[in-house]
Amino acid sequence: MKTEDTAAATPIRVRIAPSPTGDPHVGTAYIGLINFLYARQRGGKFVLRIEDTDRARFVATSEQMIFDALHWLGLTWDEGPDVGGPYGPYRQSERTEIYREHVEILLSNGTAYRSFETAEELEALRQRQIASKLPPRYDGAHRDLTQAQIDAYLSEGRPYVVRMKVPAGSTTFRDELRGDITFEHSNVDDQVLMKSDGFPTYHLANVVDDHLMRITDVIRAEEWISSTPKHVLLYQAFGWQFPRFWHMPLLRNLDKSKISKRKNPVSLVYYRQAGFLPEAVINFLGLMGGGMPSPTPVEVVNGAKETEIFSLDEMIQRFEVPNIRLGGPVFDLTKLRWLNSEYLRALTPDAFFTALRDTILSDQYLREVSTLIQTRIETLGQFGDLTAFLFQDNVLPPPEVWVPKKRTPEETLLFAADQLALLETTKWTTQCIDAALRQLSMSIEEAFIASIQNESTQKSYRSAIQFFIQNVMEIHGSNLSINDEHIKQMQTALRNWGHSESTVASYSSAIEGLRKYKAEKPSWSIKENFMLLRAILSGSTMSPPLLESMVVFGKARTLDRLRRFLETQKKLATGKR
RNA sequence: GGCGUUAUGGUGUAACUGGUUAACACGUCGCCCUCUCAAGGCGAAGAGUCCGGGUUCGAGCCCCGGUAACGCUACCA
C-alpha cells in the first residue's frame with residue numbers, strides 16, 4: 001500500500017543520521033539522497049545529525065569525511081553540526097544530558113528499568129539460550145527488582161543499564177511504502193536504552209532526537225523495520241506523536257546480500273579517488289530502488305538514455321514516491337562505470353582536463369608520488385616507469401610475481417585474504433600499517449591465542465601452550481608438527497604432575513585448536529608479507545617503499561585493489577576447473 | 001530457530017492499475033565504421049514474470065498456499 005500524506009499542515013522535516021565509525025558509506029549517500037529529494041521537493045527541511053554514541057567504534061576523522069563526501073555529491077543540509085539550526089546540538093555526544101533527563105522520565109513512569117547484569121553474565125545467558133535452541137533474548141531478571149534491591153545495588157556502585165519495559169501485547173505501525181506491519185511483543189526484547197557508560201543506544205537517542213528535532217518523516221533503510229516497534233513503544237512511553245516511517249530497500253552485493261566492503265567498494269572516498277564524477281554517482285544512486293518516473297514513449301523515441309540520466313535538480317523535480325520499488329537493488333559497478341563514462345564524454349575538453357587535474361593528477365597527489373621516487377630515479381623520463389601503478393585502475397600481477405617461492409597459490413590467496421581483512425580495520429598511516437602487518441607475522445602460537453575471543457579462554461590456552469612447548473616440544477626439538485602422540489605425551493605429563501582431568505581436557509582442546517590453526521594458517525614472515533602486498537599493489541616485485549606507497553595511494557583504493565585481485569584470482573581458479 | 005520484508009532476462013527498471021507476441025537501459029555476442037582501441041550505427045541471444053492452486057472471457061498485476069533470498073534477533077548503528 002502506498003500512501004500520500006493528506007494533511008501537509010506541518011512542514012516536512014527529514015533527516016539522515018550517519019555514525020562516524022569509518023569512511024562515509026554509499027548507503028548513507030543513498031538514503032541521504034532519498035531524504036534530500038523528498039525534502040527539496042516539498043519545500044521541507046533536510047537535517048544532518050551525527051550519531052556518535054558508540055565510543056568503541058568512534059573514528060575521529062570520520063565526521064569531516066562524511067561532510068565532505070555528502071558535499072561532494074551535492075547533497076546540502078539545512079541543519080547540522082556544522083551549519084547549526086534551531087534544534088541543536090546536532091551531534092548526539094553533545095546531547096547526553098538530554099538523554100539522561102529523558103531516561104529519568106521513563107524510569108519514573110515505569111516504562112523503563114535499571115538492569116545490573118554484567119556483559120559477561122548476559123553473554124553466558126545468550127550462550128545458554130542458543131545451546132538450548134531458545135531465541136536469545138534478555139530474560140527480564142531485573143525487570144521487577146524491588147526498590148530496596150535497586151537501592152542496594154546503586155549504593156554498591158554497581159554499573160547498570162536502563163532497559164525499556166516492553167508490555168504484553170503487540171504493536172502495529174504503518175510503513176508508508178508497505179502498509180501496516182505488526183509485531184507481537186513476545187518477539188520484542190527489553191532493549192537497552194542507556195548503556196553503562198551513560199551513552200544512549202541508537203533506539204533512545206533516535207526517538208528523542210527525532211521528536212525534539214520535529215522530524216515528520218523517518219526515511220531509513222529496511223534493516224530498521226524490526227526495531228521500529230521499539231521506537232513506536234518509546235514514542236508512546238513519552239506520550240509523543242510519532243512520525244511517518246518509510247523503509248527503503250537495502251543496497252545489495254551481486255550475490256544479493258546487504259552491501260558490504262568485503263564484496264564492494266563501499267566508501268564514498270573510493271569513488272572520489274578512483275575518478276567517478278559526483279553527478280554520475282548520485283545519478284546512479286537515484287536509479288537504485290526506483291523513485292524516478294517511468295520512461296514515456298516520447299522519451300524512448302528521443303533516445304532511451306534520457307530516461308536514465310538525471311541531474312540532481314531533475315531528480316528533485318521528477319522523484320515520485322509511488323515509483324519506489326521494494327526489491328533490494330544490486331549495486332552494479334558495471335553500470336555505474338557506464339554512467340560515469342557518459343558524464344565524462346559529455347564534458348568539454350577543457351572541463352575534462354580540469355577534472356583530471358583536480359583528481360587523478362592533482363598537484364598534491366603528484367607531489368606525494370614524487371617524494372616516493374626522487375631517490376631512485378635517473379632521468380625524469382622514468383617517472384612513469386616507476387609510478388605507473390599509482391595511476392592505474394587495474395593492476396594484475398601474473399602468478400610468478402605474487403606467488404612466493406615455497407608457497408602454493410592457494411595458501412598465498414588465503415593469506416592475502418587475511419591481509420585484506422586486517423588492513424580494512426587498520427588506521428592508514430605507515431606506522432599503523434607496519435604494526436598491523438607485523439602482528440600478522442608474529443609467531444603462530446601467539447597468533448592462535450590472539451584469535452581466541454574470550455579472555456579467560458585465552459589465558460588458559462596460553463598456559464596450555466606454554467606447558468606443551470616446555471614438556472613436549474623440548475623432548476622433540478623445536479619445530480615439530482603436532483600429532484596425536486604429542487597430545488598423549490602432554491596428557492601423561494599433566495597427570496604425572498597431578499593435574500585434574502578437567503585441566504587435561506582443556507589443555508588438550510587448546511593444543512588440538514593450535515594444531516588445526518597451524519594447518520589452516522601457515523605463518524608468514526614479515527618479508528613474505530610485505531612482498532605479497534607489494535606484488536598485488538604494484539604488480540611487480542620492485543616498487544617504491546611499500547608502506548609509503550600504500551598511504552599515498554590511499555586506503556580506499558588500496559583495499560579495492562586487494563579485493564579485486566582476490567576476486568579475479570578466484571574467478572580464474574574456478575574457471576580452470 | 002524465531003520474527004519481519006521482498007520476489008519481472010545476468011544487473012537496474014517498465015508494462016496505461018486485469019487486456020494483443022512482457023518494453024527500455026547496462027552487460028554479453030555478431031556486423032558496420034575505422035590504422036588500433038573506444039565511441040557511434042545496425043542486429044542477435046537472453047525472462048514467459050519464484051513455484052502450485054484459485055477467481056476471470058482474459059492474470060506479471062486480484063485471492064489462497066508454499067518456496068527462496070535478504071534483514072533483524074548486541075551495553076553497533
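Each chain gets a letter, A, B and so on, in the order the sequences are listed, and its residues count up from 1. Only this structure's heavy atoms are used, side chains among them; waters, hydrogens and symmetry mates stay out.
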What dot-bracket string describes RNA chain B from 5' to 3', counting Watson-Crick and G-U wobble pairs whose defining distances are under 3.5 Å, with [ ] for crossing pairs and | for pairs to another strand?
(((((((..((((.....[...)))).(((((.......))))).....(((((..]....))))))))))))....
Taking distance alone, no hydrogens or angles, what donor-acceptor pairs closer than 3.5 Å link side-chain atoms of residues 158-171 of chain A to residues at least two apart or in another chain?
| unit_1 | atom_1 | unit_2 | atom_2 | d |
| --- | --- | --- | --- | --- |
| A:Arg163 | NE | A:Ser115 | OG | 3.4 |
| A:Arg163 | NH1 | A:Asp190 | O | 2.8 |
| A:Thr171 | OG1 | A:His185 | NE2 | 2.6 |

Say you pick atom C1' in B:rA59 and the same atom in B:rU17; how far apart are they, in whole Å?
12 Å
Given the P atoms of B:rA44 and B:rG52, what is the spacing between them in whole Å?
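Per the computed distance, 30 Å lies between those P atoms.
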As a test of reading the structure: which of B:rA77, B:rU11, B:rG1 is closest to the side chain of A:Ser19, going by heavy atoms?
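So the nucleotide nearest the side chain must be B:rA77.
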Of the listed nucleotides (B:rG1, B:rG4, B:rC75), which one gets closest to any side-chain atom of A:Thr201?
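Between B:rG1, B:rG4, B:rC75, the one nearest the side chain of A:Thr201 would be B:rC75.
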Sequence-distant partners of A:Glu117, salt bridge (Lys or Arg N to Asp or Glu O under 4.0 Å), two or more places apart
none
Keeping to residues at least two apart or across chains, list the side-chain hydrogen bond (donor to acceptor under 3.5 Å, both in side chains) pairs with something in residues 53-62 of chain A.
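Only A:Asp54-A:Arg57, A:Arg55-A:Asp197 qualify under side-chain hydrogen bond (donor to acceptor under 3.5 Å, both in side chains).
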What is the distance, rounded to the nearest whole Å, between atom CZ of A:Phe331 and atom P of B:rG10?
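It works out to 22 Å between those atoms.
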Would you mind reading off the distance between A:Trp224 atom CH2 and B:rU6 atom C1', rounded to a whole angstrom?
20 Å
Generate the contact string for nucleotides 44-51 of chain B. Rules: B means base contact, S means sugar-phosphate contact only, - means no protein heavy atom under 4.0 Å.
--------
Taking only residues two or more places apart in sequence or in another chain, which ones pass side-chain contact (heavy atoms from CB on, under 4.5 Å) with A:Pro349?
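Not a single residue meets the side-chain contact (heavy atoms from CB on, under 4.5 Å) criterion with A:Pro349.
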Which is true for A:Met288 with a 4.0 Å heavy-atom rule: it touches a base, it touches only sugar-phosphate, or it touches nothing?
sugar-phosphate
